[in-house]
Amino acid sequence: MNAPHAPDEPLHRIRHSLAHVLAQAVLEYRPGSTLGFGPPVADGFYYDFILSEPISEEDFPELEKRMKHILKRNQRFEREELPRDEAMARLSGMQEPYKREYAEELFEKKSLSTLTFYRSGAFLDMCDGPHVESTKDIPRGCFKLRSVAGAYWRGDSRNVMMTRLYAWAFESEEVLEAHVKAYHEALARDHKKLGKELELFVIDEQVGKGLPLWLPNGTVIRDELERLAKELEFKAGYHRVATPHLTKAGLYYQTGHLPYYKDHIYPIMELKEQTESGEVVREAYCLKPMNCPHHHRIFAARKRSYRELPLRLAEYGQVYRFEDSGALSGLLRVRGMCMNDAHIYCTEENLKREFLAVMELHKQLYEILGLTDYYMRFSTWDPDDPKGKSKYVDDPVAWEKSQCFIREAMVESGLPFREVKGEAAFYGPKIDVQFRTVTGREETASTNQLDFAVPQRMNLSYVGADNQEHRPYIIHRAPLGTHERFVAFLIEHYGGAFPTWLAPTQVRILVVADRFLDYARALEEDLRISMVRVEVDASGERINKAIRNASTAKIPNVLVLGEREVEERGVTLRRYGVEEQEAMPYEAFKARLLKTIESRSRGFVAAPSTCS
RNA sequence: GCUGGUGUAGCUCAAUUGGCAGAGCAGCUGAUUUGUAAUCAGCAGGUUAAGGGUUCAAGUCCCUUCAUCAGCUCCA
């Protein structure tokens, strides 16, 4: 995935300067509005405002017109650096309370001595730059207003909600148009759209938002993915376990999750009992928001020896998290999800090798699925975070040590990663795998965390060679994240045209006329007992229509049967997205098909060699 | 949860701005039996998301709720 642009790149300057032009246009159009932040972002820029009067997308043509007028004026961007007192005095005169608040913070916390302003025409903004020299350096027609949305001041939901205007901006009109076109084409691959068209899943109002129902077609994809992960995990020495959806709430007090996680746990169910002194709560249960505590209890089910470490417990575990309703989105963010979860209990000596093995598992999975467009994000703690004490487990030595293990393992794995300070889980550092959706949103698919805190809280231990009790380390890992989100990625990745091994229907058999249906049924039966997902199109539609239907359904392999095929016990194969059809004996087709499925090939493999 | 959109048949969308709810696809029935991307005809399909209000009259205007989309926040 592309890294963000460096600040001194020309495109970055253009975007940053256009943000000022937008702000200038907005202040002309809605006098009395105040400014928030307006930075460049991946595909363009945005600017946040408190507007004196609302702006909707209907106002975009007018705003764009005003921006273009400003560009024509050849305004220069002039940099001014003012000492603290002068800067604050100027900000007070500007009626920009949010800029002033930020300036105060810069002086206090970052102990800056001066503040930078940029003036372009009548517009003055507190801004660090850099900018283009003049608006004439901004290519004509290189931007387009995109959307209007709400955004909290400084990203904090306790703050005021501002209006954010997003725009696309590129180095030229051609690049902009190509990008906008590509964006609209990409929307055809949106998992919500394809999920409906291909009947993969539905989200039913009566069942509840964020609680997807997996239709037969979608369930096939889940099952195949699960089978793949189980195979690789078995080979990597994992043991499978199974745990219930419901659990006593007290467990999460013990792990320490509750204070950090309370808002995301469904309301606790209390079993009450009437007594003489009134109603008392006998038991409190919750839907489990994560599988870890249960696996930890399995670890603690008996005394553990260092000889059985590392112990790797794996489960495709269903969990429920109460996400904000506004955050829900198709399969990408749901409230009920099934995690490709596992916990590895190990010694400090095991740690690096186990983490490497987890990374190796990622490589294998992503290689088979053909995924290349992702990056690994290494999230560490931030000892200087003002919320540090409440946000993270307080154990600086353990933080440094465990981060060191991960860093070494990552370097050794050869996988590129990017370090982000302050994004760690409360109990330890983590490696997340980030993907981008068709709409350009970045999402975490896989998450892998090192945990040195929970073993202590849950009092987990093993007996070492020295006959003493020791604390294990835990690696939490979920290379496929959740079925929900991962299947969403795969739908978009393949554009709904799944490779044969994943495809809900692997083979559809069409007949030129109904009298060939007997032959079709015979092949269907033979393929089905070989575990192939096959179906016969007995709709009686003309062959053209039947082919069109199979193609619309993105079925990878279509067989066309008629007089010739029946006579020769052959088939004519039509592959999705391939123009030419191919005639071959049925047995040859079957052998190649089975090989394609077994090898999880993304193409259609050649016939296996008959000689040994 | 917050800001701003949207909600009409299973799906994609109309309805001349307040005046008789409609089309294509899908579905069902019948005819056709066709060799590589849409055969023809008929039928059926709706409390216009739900509830309330304004009006002679509401899919259309107003209010509440629900769902959904784009963001913010959060996270798999």
Side-chain angles (χ1 to χ4, degrees), chain A residues 36 46 48 50-51 54-58 146-166 190 192-193 196-197 199 202-206 208-210 261 263-264 289-291 317 319 321-335 337-341 423 425 430 432-435 439-449 476 478-486 488-489 510-517 539-552 558-565 572-574 579-581 583:
Chain A
Y46 68 78
D48 291 341
I50 301 283
L51 294 169
I55 282 179
S56 75
E57 295 194 11
E58 286 163 17
R146 181 179 178 179
S147 61
V148 46
Y152 297 110
W153 165 239
R154 312 217 56 192
D156 191 325
S157 56
R158 289 167 301 189
N159 290 342
V160 64
M161 174 70 69
M162 305 184 114
T163 304
R164 176 170 297 180
L165 295 174
Y166 275 99
D190 185 297
K192 295 187 286 290
K193 182 175 150 72
K196 198 178 280 181
E197 286 172 7
E199 296 190 18
V202 292
I203 295 177
D204 186 306
E205 234 178 88
Q206 295 196 43
K209 54 188 170 184
Y261 222 79
D263 293 344
H264 293 293
M290 53 196 60
N291 301 302
V319 297
R321 297 184 182 175
F322 192 80
E323 298 291 337
D324 286 343
S325 63
L328 302 176
S329 175
L331 289 182
L332 283 172
R333 229 165 284 151
V334 294
R335 285 180 171 172
M337 67 210 96
C338 186
M339 291 187 79
N340 168 223
D341 217 348
E423 293 292 312
K430 58 179 183 174
D432 290 334
V433 184
Q434 302 296 109
F435 285 83
T439 48
R441 202 157 51 193
E442 186 182 310
E443 296 278 4
T444 302
S446 159
T447 187
N448 306 280
Q449 302 155 354
H476 304 242
L480 298 183
T482 63
H483 270 319
E484 285 71 21
R485 188 175 287 180
F486 210 84
F489 283 129
L510 316 183
V511 289
V512 168
D514 284 358
R515 63 180 184 281
F516 307 116
L517 273 175
S539 65
E541 290 288 355
R542 310 211 155 160
I543 195 69
N544 289 319
K545 183 63 179 297
I547 285 169
R548 185 187 148 80
N549 286 345
S551 185
T552 310
V558 175
L559 297 182
V560 180
L561 307 181
E563 195 69 48
R564 289 198 297 273
E565 288 77 12
T572 295
L573 170 66
R574 216 191 136 96
E579 272 300 308
E580 317 78 49
Q581 64 266 14

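Chain naming here is simple, since letters A, B, ... match the order of the sequence lines and numbering starts at 1 in each. Everything numeric here is computed off the predicted structure, so don't read it as measured data.
Within 6.0 Å of the CD atom in A:Glu199, the count of heavy atoms belonging to other residues, nucleotides or ligands does not exceed 12.
Taking the P atom of each, B:C13 and B:U8 are spaced 9 Å apart, rounded to whole Å. On the C1' atoms, B:G52 is 23 Å away from B:G5, given to the nearest whole Å. For the C1' atoms, the distance linking B:U48 with B:C66 amounts to 16 Å, nearest Å. Rounded to the nearest Å, the gap between the C1' atom of B:A44 and that of B:A9 is 11 Å. Atom P of B:C25 sits at a distance of 36 Å from the matching atom of B:C62, rounded to the whole Å. Going from the C1' atom of B:U36 to that of B:U29 covers 28 Å, rounded to whole Å. Comparing B:G59 with B:A50, their P atoms sit 11 Å apart, to the nearest whole Å. As rounded to the nearest Å, B:C56 and B:C2 have P atoms that lie 36 Å from one another.
Whole-Å rounding puts the A:Lys193 NZ to B:A70 C1' distance at 17 Å. Summarising the geometry, the separation between CG on A:Leu165 and P on B:A70 is reported as 18 Å, rounded to the nearest angstrom. Distance CD (A:Glu423) to C1' (B:C74): 11 Å, rounded to an integer number of Å. At whole-Å resolution of the value, CD in A:Glu58 and P in B:U6 are 8 Å apart. As a whole-Å value, the separation of A:Phe489 CZ from B:C75 C1' is 12 Å. The CD-C1' distance, from A:Gln449 to B:A76, rounds to 10 Å in whole Å. Here the P atom of nucleotide B:C75 and the CZ atom of A:Arg441 are 16 Å apart, to the nearest Å. Distance CZ (A:Arg164) to P (B:G71): 11 Å, rounded to an integer number of Å.
The base of B:C74 lies outside donor-acceptor range of the side chain of A:Arg321, with no N or O pair under 3.5 Å.
Salt bridge status for A:Asp156 with A:Arg154: absent, with no side-chain N to carboxylate O gap under 4.0 Å. Ion pairing between A:Glu484 and A:Arg335 fails under the 4.0 Å rule for side-chain N and carboxylate O.
Residue contacts for A:Gly330: at a heavy-atom cut-off of 4.0 Å it reaches the sugar-phosphate backbone alone, with no base atom in range. As judged by a 4.0 angstrom heavy-atom cut-off over every strand, A:Leu332 is placed among the base-contacting residues. Nucleic acid contact class of A:Ala478 (heavy atoms, under 4.0 Å, all strands): none. Across all strands shown, A:Glu323 has heavy atoms under 4.0 Å from base atoms, whether or not it also approaches the sugar-phosphate. Counting any heavy atom pair closer than 4.0 Å across all strands shown, A:Lys430 reaches sugar-phosphate atoms only and no base atom. Using a 4.0 Å heavy-atom cutoff across all strands shown, A:Val558 reaches no nucleic acid atom at all.
Scanning all heavy atoms of the two residues, the minimum distance from A:Phe489 to A:Ala445 falls at CE1-CB, 3.7 Å. Residues A:Asn448 and A:Ser446 approach most closely at ND2-OG, 3.1 Å, considering heavy atoms. Among all heavy-atom pairs drawn from A:Ser325 and A:Lys209, the shortest one is CB-NZ, 3.4 Å. The two atoms that bring A:Gly208 and A:Ile203 nearest to each other are O-CG2, 4.1 Å, heavy atoms only.
For A:Asp204, the side chain to side chain contact (heavy atoms under 4.5 Å, CB included) partners two or more places apart in sequence, or in a different chain, are A:Gln206, A:Val207, A:Leu213. Residues forming a side-chain hydrogen bond (donor to acceptor under 3.5 Å, both in side chains) with A:Asp341 (at least two apart in sequence, or on another chain): A:Asn291. Residues passing the side chain to side chain contact (heavy atoms under 4.5 Å, CB included) test with A:Asp514, sequence neighbours excluded: A:Leu517.
Mapped onto RNA chain B by nearest heavy atom, A:Ala151 and A:Lys209 fall at different nucleotides, with A:Lys209 at the one closer to the 5' end. Sequence order on RNA chain B of the closest nucleotides to A:Tyr152 and A:Ala149 puts A:Tyr152 first from the 5' end.
At distances below 3.5 Å, at least one donor-acceptor pair connects side-chain atoms of A:Arg485 with backbone N or O atoms of A:Leu332.
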Can you give one letter per nucleotide of nucleotides 45-52 of chain B, 5' to 3': B if a protein heavy atom sits under 4.0 Å from the base, S if only from the sugar-phosphate, - if neither? --------
Reading nucleotides 28-43 of chain B from 5' to 3' and marking B where a protein heavy atom lies under 4.0 Å of the base, S where only the sugar-phosphate is that close, and - otherwise, the string is ----BBBBBBBB----
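With a 3.5 Å limit on both pairing distances and Watson-Crick or G-U wobble geometry required, the stems of 3 or more pairs in RNA chain B span B:1-7 with B:66-72, B:10-13 with B:22-25, B:27-31 with B:39-43, B:49-53 with B:61-65.
Contact annotation: the side chain of A:Val334 never approaches that of A:Glu323 to less than 4.5 Å [non-hydrogen atoms, C-beta and beyond]. Counting heavy atoms from C-beta outward, A:Glu565 and A:Thr572 have side chains that approach closer than 4.5 Å.
Between A:Lys192 and B:A70 there is a side-chain polar atom (N or O) within less than 4.0 angstrom of OP1 or OP2. Here A:Ser325 reaches the OP1 or OP2 of B:G1: one of its side-chain N or O atoms lies under 4.0 Å away. Taking side-chain N and O atoms only, A:Tyr166 has no distance below 4.0 Å to OP1 or OP2 of B:G4. Taking 4.0 angstrom as the limit, A:Lys196 places a side-chain polar atom (N or O) nearer than this to OP1 or OP2 of B:U12.
Applying the 90° criterion around 0 to the glycosidic angle, B:U17 comes out syn.
In this model, a donor atom of one side chain and an acceptor atom of the other lie less than 3.5 Å apart for A:Ser329 and A:Arg441.
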